[in-house]
Each structure stands twice: as structure tokens, then as C-alpha cells.
2 protein chains.
Amino acid sequence: MPFKFCPGTLADMTEQPTATHADQDFLRLDGQICFALNAASRAFGGLYRVVLKDLGLTYPQYLVMLVLWEHGEMPVKEIGRHLRLDSGTLSPLLKRLEAAGLISRERSTQDERSVRARLTGEGAALRARAVEVPRRIAAATGFDLTEVVDLQARLSRLTAALDAAVPMEEAREAQEA
Amino acid sequence: MPFKFCPGTLADMTEQPTATHADQDFLRLDGQICFALNAASRAFGGLYRVVLKDLGLTYPQYLVMLVLWEHGEMPVKEIGRHLRLDSGTLSPLLKRLEAAGLISRERSTQDERSVRARLTGEGAALRARAVEVPRRIAAATGFDLTEVVDLQARLSRLTAALDAAVPMEEAREAQEA
DNA sequence: CGCAATTCAGTTGTGCACAATTCAATGCCG
DNA sequence: CGGCATTGAATTGTGCACAACTGAATTGCG
């Protein structure tokens, strides 16, 4: 029966001046939550790694291909918006997909700063083999669809809250200096 | 109103012989789920990165320190069990924590294969500054505690299901060869 | 006992994540 | 039009994740 001393939300216990028993417990709880999310993300990656080996894709490469299978062609910047990734991650990743013959890259003619990634015939054809991926994942885990969709919604809200919180913390940090 | 054609669980649609409209939709849904989990994990890391900069810790280093703050001393192997990490990740990470003066490492006398990580005085003292980390995260995001604990439980079940599924897929792969 | 299989930490190599920087192309404002 | 801030991609450097491998210590079994 842990945390019975806790009123409602974590945010309620914000102005404690010194370390208390509650602090110790929240530090432990923090570890459990961080660990759970981290571990789930990596476990997901681990299962996909095995399933995707047939296709010659890594998990992040698969995510990029999913975006391109849906849209056919897209600027690097917009891929980054979809996947929450920056150019430092995407540039080398896209270069590897290009080396594998799955995509091509070309500068936009309208805006020469922008680079558009486009599926090659081979890249588009790979989709036919990829459609079995969700089946294999589903078969291996027996997920309940409604619960998974619900989990996705919660995680998306969590991500939005976390991203919104970063500027606050950076402001607080700047104020200290 | 998507996926109305779907009966109950993803696992039900396992024996489709060829790609259907449903396959296309599940491929899209798969992307949304993978992306949500990935993005949430990285967003978490991003907020912690900002908050932990004061302590001079990265997010994975913080997770290791949380384990050690709770247990004081622990073999590398057991840290790996707690955090679901292998020696290839932990060895260099622990070496950096040692270089920072937060932990020491020594071979166990009972079993010389095992290396035990132990908090230094400085490492133990850092805990006093770390107790404010959950407060700052909570204050920045305003999380509801009960919901977070529920999410943690779901994620832990997910991780267990995913980890259990990997050997099945590896067996399937071996059978193809 | 003796040796084969296992266990544990560490190393190597590949790829992802992200901060910080660079550079060219673009947009904007006077 | 000219100059200056902004945007987009790429690069560099650091650190994490993991597969594959090495080598030493231990365990277990004949």
C-alpha cells in the first residue's frame, strides 16, 4: 500500500523545502516509471528488430518507410515532424536507405534548401512484404486492438505534455544563470 | 470510424493469404503505435535531459543511479536485470560514472567473474540533490499520479509480452532456414 | 578429478538520438 | 535593391543500444 500519503497528483507536492520520506518514495517511483517506458520502447524495438530482419530494415528505418509508403514522397523536414526526429538523425538514416536502393533524394526545385525523399520502385515494392509485419507482431503478442489504441492515445498526450514542459524548464534554468 | 472491419483483436487476422485493404490499414496503425511509443520515450528523455543537466547525469545514468541509491551496491548483472540492459551498454556507462567519481567498481571476491558497482560518498551525496528531480518533472507536466501508475502497469505488461514473443519469432525464423 | 558447457564482464562494430555548428538558400524590412 | 535574420540540411562529437565475439571464472557431469 505505497504512496498513501499522496494527495491526488504529483504536482501537488511541489513546494517541499527539504527531502522527506515522500521524496525518497517519489524518487523510487520515478525510477519505476522511467524504466517502464524505456523498457517498453526498447522491447518493442527488439521484437521489430527480429521481424524486420527479413526486410533488411532497422526499426527506425521501418518508421521512415511507413511514412513514405503512406505519402510516397516528402521533404526531410516533414518526415522529421511526423517522427519527432531532427536532421542529425534523419540525414544518415536516409543516406542508408538510399544506399539500399529503397529511396532517392533530390533537392526541391522550388526551395533549394529542402531535400525531398522519394520511394524508388524497389522501395514501393517492399511494402507488399511489409504488410505482414503487423500480423506477425499481433500473432506473437496477441494484443487487444482497443487497448493498444487506447495506450497510443495516452502516450501521445504524454508526449505533448513532456514536449510542452521542456521550454519551461529551460526558462527556469536560464533564470538561474 | 476506422477499423470497423476488425474483429476484437489484431491476432484474429493472422492467416490472411494476400494483402488486403485491412492490411494497408494495419500497416498505418502499426506506424502510429510504434511512433507513439518511440516518441513518448524520447520526449521523456528530452525533459529529463534538461532537468538532469544540473546533476551532470544523462538519463540512462540517472536510471542506474536510482538503482544504486536504492540498493547501495549491486553486481553489474543485476543492474542489467533491473534496467533491461546488457553489459555492452552498462560497461561503458558505468565506466563514465566511475570517471565522474560517483561509483567504484570491484570484482567480487566470491565470484571473480562478477563486478560489483558501489556508490562513493560523492555518489551517495548526489541523491540529496536528485530528490527534487521528480518534483520538477511533476511540476512541469502536472501529471496525475494514479494515471501515471496505471500507464506504468500497462507498459510493464507490454514489455513482458514483447520479450516473450521474441523467442517465438526467432524460432520461426530458424525454421525457415 | 578433469573437462565441457555455462556465466559474466568487457570489447568491437553498427546504427540511432541529439546538441552544436556550418553553410547555402530564402524571406523580410527598410 | 541591400543587408540581416531565418530556415533547412548536413556534419561533428558524445552517448546509448545491441549483436557478436573474447576471455576468464565457475559449474556440473561423467
Side-chain angles (χ1 to χ4, degrees), chain A residues 34-35 38-50 52-53 56-64 74-81 83-100 105-117 162-163 166 170 173, chain B residues 34-35 38-50 52-53 56-64 74-81 83-100 105-117 162-163 166 170 173:
Chain A
C34 294
F35 161 66
N38 236 308
S41 175
R42 297 207 318 283
F44 232 72
L47 179 55
Y48 275 86
R49 188 192 319 281
V50 175
L52 291 172
K53 197 155 57 175
L57 292 174
T58 67
Y59 183 49
Q61 287 167 8
Y62 172 67
L63 296 180
V64 170
M74 189 176 281
V76 172
K77 185 71 177 181
E78 200 174 341
I79 297 176
R81 262 194 297 274
L83 299 182
R84 202 188 170 282
L85 291 171
D86 66 1
S87 68
T89 299
L90 285 174
S91 285
L93 191 158
L94 292 172
K95 205 179 290 187
R96 280 185 283 271
L97 288 178
E98 187 176 38
R105 289 183 305 155
E106 52 195 68
R107 296 226 163 243
S108 163
T109 50
Q110 293 88 8
D111 184 343
E112 296 223 344
R113 292 170 304 183
S114 172
V115 170
R116 305 184 68 82
L162 292 164
D163 281 339
V166 167
E170 282 172 344
E173 170 193 353
Chain B
C34 294
F35 162 65
N38 235 313
S41 176
R42 297 206 320 281
F44 233 73
L47 179 55
Y48 275 87
R49 187 192 319 279
V50 175
L52 291 172
K53 197 155 56 174
L57 292 175
T58 68
Y59 183 49
Q61 288 167 7
Y62 172 66
L63 296 180
V64 169
M74 190 176 280
V76 172
K77 184 70 179 182
E78 200 174 340
I79 298 175
R81 262 195 296 274
L83 299 182
R84 201 188 170 281
L85 291 171
D86 67 1
S87 69
T89 300
L90 285 175
S91 285
L93 190 156
L94 293 172
K95 204 179 290 187
R96 281 185 283 270
L97 287 179
E98 188 177 36
R105 291 183 302 156
E106 52 196 67
R107 297 230 162 241
S108 165
T109 49
Q110 293 89 9
D111 184 345
E112 297 224 343
R113 292 170 304 182
S114 172
V115 169
R116 304 183 68 82
L162 291 164
D163 282 339
V166 167
E170 282 172 344
E173 169 194 354

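Since the structure is predicted, the reported quantities are computational estimates derived from the model, not experimental observations. Computed over heavy atoms, backbone and side chain alike; hydrogens, waters and symmetry mates excluded. Each chain gets a letter, A, B and so on, in the order the sequences are listed, and its residues count up from 1.
In this structure, CD of A:Q61 is placed 8 Å from P of C:dG15, rounded to the nearest angstrom. Between A:L83 atom CG and C:dG15 atom C1' there is a gap of 16 Å when expressed in whole angstrom units. Rounded to an integer number of Å, the gap from A:L52 CG to D:dC18 P is 15 Å. C:dC18 atom C1' lies 13 Å from atom CG of A:D163, rounded to whole Å. The distance from atom CG of A:L47 to atom P of D:dA19 is 12 Å, rounded to the nearest whole Å. In this structure, A:L63 atom CG and C:dG15 atom C1' are separated by 14 Å, rounded to whole Å. Spacing between atom CZ of A:F44 and atom C1' of D:dC18 amounts to 18 Å, rounded to whole angstrom units. Rounded to whole Å, the distance from CG on A:D86 to C1' on C:dC18 is 6 Å.
Sequence order on DNA chain D of the closest nucleotides to A:K53 and B:L85 puts B:L85 first from the 5' end. Residues A:Q110 and A:L93 each lie close to DNA chain C; by heavy-atom proximity, the contact nearer the 5' end of the strand is made by A:L93.
The side chain of A:R49 has D:dC18 as its nearest neighbour among D:dC18, C:dA19, C:dG15.
The salt bridge (Lys or Arg N to Asp or Glu O under 4.0 Å) check on B:E98 picks up B:R105, with sequence neighbours excluded. In terms of the side chain to side chain contact (heavy atoms under 4.5 Å, CB included) criterion, residue partners of B:V166 (sequence neighbours excluded) are, by chain and number, A:L47, A:V50, B:E170. Qualifying side-chain hydrogen bond (donor to acceptor under 3.5 Å, both in side chains) partners for B:R107, counting only residues two or more places apart in sequence or in other chains: none. Every residue meeting the side chain to side chain contact (heavy atoms under 4.5 Å, CB included) condition with A:F35, not counting sequence neighbours, appears here in chain and number order: A:A39, B:L83, B:R84. By the side chain to side chain contact (heavy atoms under 4.5 Å, CB included) test, B:R81 pairs with B:K77, B:E78, sequence neighbours left out.
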Base, backbone or nothing for each nucleotide of nucleotides 8-13 of chain C, written B, S, -, heavy atoms under 4.0 angstrom, 5' to 3'?
SBBB--
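The closest donor-acceptor contact from the side chain of B:D86 to the backbone of B:T89 lies under 3.5 Å. At distances below 3.5 Å, not a single donor-acceptor pair connects side-chain atoms of A:S87 with backbone N or O atoms of A:L90.
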